[in-house]
Amino acid sequence: MLLGVNIDHIAVLREARKINDPNPLDAISICKLAGADQITIHLREDRRHIHDKDAEIICKLSPLPVNLECAIDEEIIDIVCDLKPMRATLVPEKREEVTTEGGLDLITNFDRIEKAVKKLHKNGIEVSLFIDPNKQMIEASSKLNVEWIELHTGSFANIYAMLYSNLANTHHTIKELELPRDELKKLLDKSKKEIKKAALKAQDLNLKVAAGHGLNYQNVTQITSIKAIEELNIGQSIIARSVFTGLEKAIKDLKELL
Ligand code: PXP
């Protein structure tokens, strides 16, 4: 299974002081050395971590293929078309969110997304859509003629964390936290089944399948068991571990689990 390492959180650390260090570009040769297959970055409309200059330099110099996540916003799509990463992943964006919450609504935004996909294709950029694992979204993805879909695993990861980590002591105020453990186990099983079903449906429609969000060293093997998924994009857990182990080891440890 392929691994895209999302390096946004290196820029998050830099932005804590608004200086030059650590520079996400410096991470890329380490990612390559450690066996990563792709670099993923998100150029957000609010530029809270990755800046235009980062995206420009990374797209120009990265020895690994770049997967650039962006919103369906005309100005951003034009920037992405100029940068020409290997792939653009279209994601929903809300300014107040801590991280990307939920997948794209391909039904309500069909025309806007279609326009963005056509523009990206015209510029030689392959397109992925970040969607929730459900049939309606997979069918709409197929109609949009994209190469890839990325299944949002955030909901699965949240349930996993509620079951197996001390999430009650974090900032989360998720109502499911009050559910009994056997209910949570059923929800986790349901969530995994939804991901698997969506991945198989996408495969049937000749879409390449990636997945990501909230995946970590504990929960990832539940997703790697789904053979229709070809690639995972993982960020926060790798960068968090790298603080203690170094980035190369953090990536190698994860690669071993794939
Ligand atoms: N895939 C997509 C589309 C994302 O938006 C993100 C978060 O930026 C990730 C993967 C990685 O998520 P995480 O940092 O939780 O591993």
Any donor-acceptor N/O pair, Asp132 side chain to Gly103 backbone, under 3.5 Å | yes
Sort out for me which residue in Lys192, Lys193, Lys186 forms a side chain to side chain donor-acceptor pair (under 3.5 Å) with Asp189.
-> Lys193
Are any side-chain N or O atoms of Arg47 and backbone N or O atoms of Glu45, one a donor and one an acceptor, separated by less than 3.5 Å?
-> yes
For Ile10 against Asn23, the heavy-atom pair lying closest together | CG2-C, 4.1 Å
Are there more than 12 heavy atoms of other residues, nucleotides or ligands under 6.0 Å from atom NZ of Lys119?
-> yes
Hey, could you give me the OH/CD1 distance between Tyr217 and Ile234, rounded to the nearest 0.5 Å?
-> 8.0 Å
Intermediate values then yes/no, side-chain contact (heavy atoms from CB on, under 4.5 Å), Val146 and Ile113 | CA-CA 10 Å; Val146 291; Ile113 296 174; over 6 Å; no
Contact summary for Leu129 and Ser141, nearest pair of heavy atoms | CD1-OG, 3.8 Å
Kindly indicate whether the side chain of Glu147, heavy atoms from C-beta on, has any atom under 4.5 Å from the side chain of Arg87.
-> no
Linking I/L/V/M/F/W/Y whenever their side-chain heavy atoms sit closer than 4.5 Å, directly or via other members, would Leu2 and Ile195 fall into one cluster?
-> no
Check: Asp253 side chain, Ala250 main-chain N or O, donor-acceptor pair, under 3.5 Å | no
Is there a path of hydrophobic side-chain contacts, each under 4.5 Å between heavy atoms of I, L, V, M, F, W or Y residues, that connects Leu13 with Val5?
-> no
Is the shortest heavy-atom distance from the side chain of Tyr160 to the side chain of Gln222 under 4.5 Å?
-> yes
So, Lys190 and Glu194, do they make that salt bridge, N to O below 4.0 Å?
-> yes
Contact summary for Ile7 and Cys31, nearest pair of heavy atoms = CG2-SG, 4.2 Å
Carefully, step by step, assess Arg14 and Asn20 under the rule side-chain contact (heavy atoms from CB on, under 4.5 Å).
-> CA-CA 7 Å; Arg14 175 190 65 194; Asn20 296 329; 5.6 Å; no
Side chain proximity check, Cys81 to Leu120, heavy atoms < 4.5 angstrom = yes
Can you check whether Leu187's main-chain N or O pairs, donor with acceptor, with Ser191's side chain at less than 3.5 Å?
-> no
Any link between Ile131 and Trp148 through a network of hydrophobic side chains (Ile, Leu, Val, Met, Phe, Trp, Tyr) touching at under 4.5 Å?
-> no
Considering all heavy atoms, the nearest Ala88-Val80 contact | CB-CG1, 4.0 Å
Should Pro24 and Ile41 count as side-chain neighbours, where that means a heavy-atom distance under 4.5 Å?
-> no
Donor-acceptor under 3.5 Å (Thr89 side chain, Ser128 main chain) = no
Any donor-acceptor pair under 3.5 Å from Lys53 side chain to Ile50 backbone | no
Atom pair SG/CE of Cys59 and Met86 - distance to nearest 0.5 Å | 10.5 Å
Heavy-atom side-chain contact between Lys143 and Glu114 under 4.5 Å = no
Is Leu3 linked to Leu33 within one hydrophobic cluster, defined over Ile, Leu, Val, Met, Phe, Trp and Tyr using a side-chain heavy-atom separation of less than 4.5 Å?
-> no
pair Leu151-Phe156: side-chain heavy atoms closer than 4.5 Å | no
Between Lys115 and Glu74, is the closest basic N to carboxylate O distance under 4.0 Å?
-> yes
Heavy atoms of Met1 and Ile226 approach each other most closely as CE-O, 3.9 Å
Measure the spacing between CD1 of Ile251 and CD1 of Ile238 and express it to the nearest 0.5 Å.
-> 5.5 Å
May I ask you to check whether over 12 heavy atoms, not counting those of Gln136, lie within 6.0 Å of atom CD?
-> no
In plain terms, say whether Asp37 and Lys255 are close enough for a salt bridge, that is, a side-chain N and a carboxylate O under 4.0 Å apart.
-> yes
Here the pair of heavy atoms bringing Ile28 nearest to Ile39 is CG2-CG1, 3.8 Å
Please round to the nearest 0.5 Å and tell me the distance separating atom CE of Met137 and atom CG of Leu144.
-> 10.5 Å
In this structure, CG of Leu232 is separated from OG1 of Thr224 (nearest 0.5 Å) by 7.5 Å
Count the heavy atoms belonging to other residues, nucleotides or ligands that lie under 6.0 Å from NZ of Lys84, then report whether that count exceeds 12.
-> yes
List the steps and the verdict of side-chain hydrogen bond (donor to acceptor under 3.5 Å, both in side chains) for Asn67 and Glu69.
-> CA-CA 6 Å; Asn67 170 28; Glu69 296 174 5; 5.0 Å; no
Relative to the ring of His152, is the ring of Phe130 parallel (under 30°), tilted (30 to 60°) or perpendicular (over 60°)?
-> parallel
Ile125 backbone acceptor or donor facing Asn123 side chain under 3.5 Å = no
Same cluster (ILVMFWY, side-chain, under 4.5 Å), Val12 and Val243 | no
Value rounded to 0.5 Å, distance of NE2 in His51 from CD1 in Ile57 = 12.0 Å
Intermediate values then yes/no, side-chain contact (heavy atoms from CB on, under 4.5 Å), Leu90 and Val117 | CA-CA 9 Å; Leu90 302 182; Val117 171; 4.2 Å; yes
Pairwise side-chain contact, Leu247 with Ile239, heavy-atom cut-off 4.5 Å (strictly under) = yes
For His42, does its backbone N or O pair with a side-chain atom of Asp8 as donor and acceptor, under 3.5 Å?
-> yes
For the pair Leu64 and Gln38, evaluate side-chain contact (heavy atoms from CB on, under 4.5 Å) and give the outcome as yes or no after the intermediate values.
-> CA-CA 5 Å; Leu64 289 172; Gln38 162 174 284; 5.7 Å; no
Any side-chain heavy-atom pair from Leu215 and Ser237 closer than 4.5 angstrom?
-> no
Where the side chain of Asp82 meets the backbone of Ile79, is there a donor-acceptor pair that is under 3.5 Å apart?
-> no
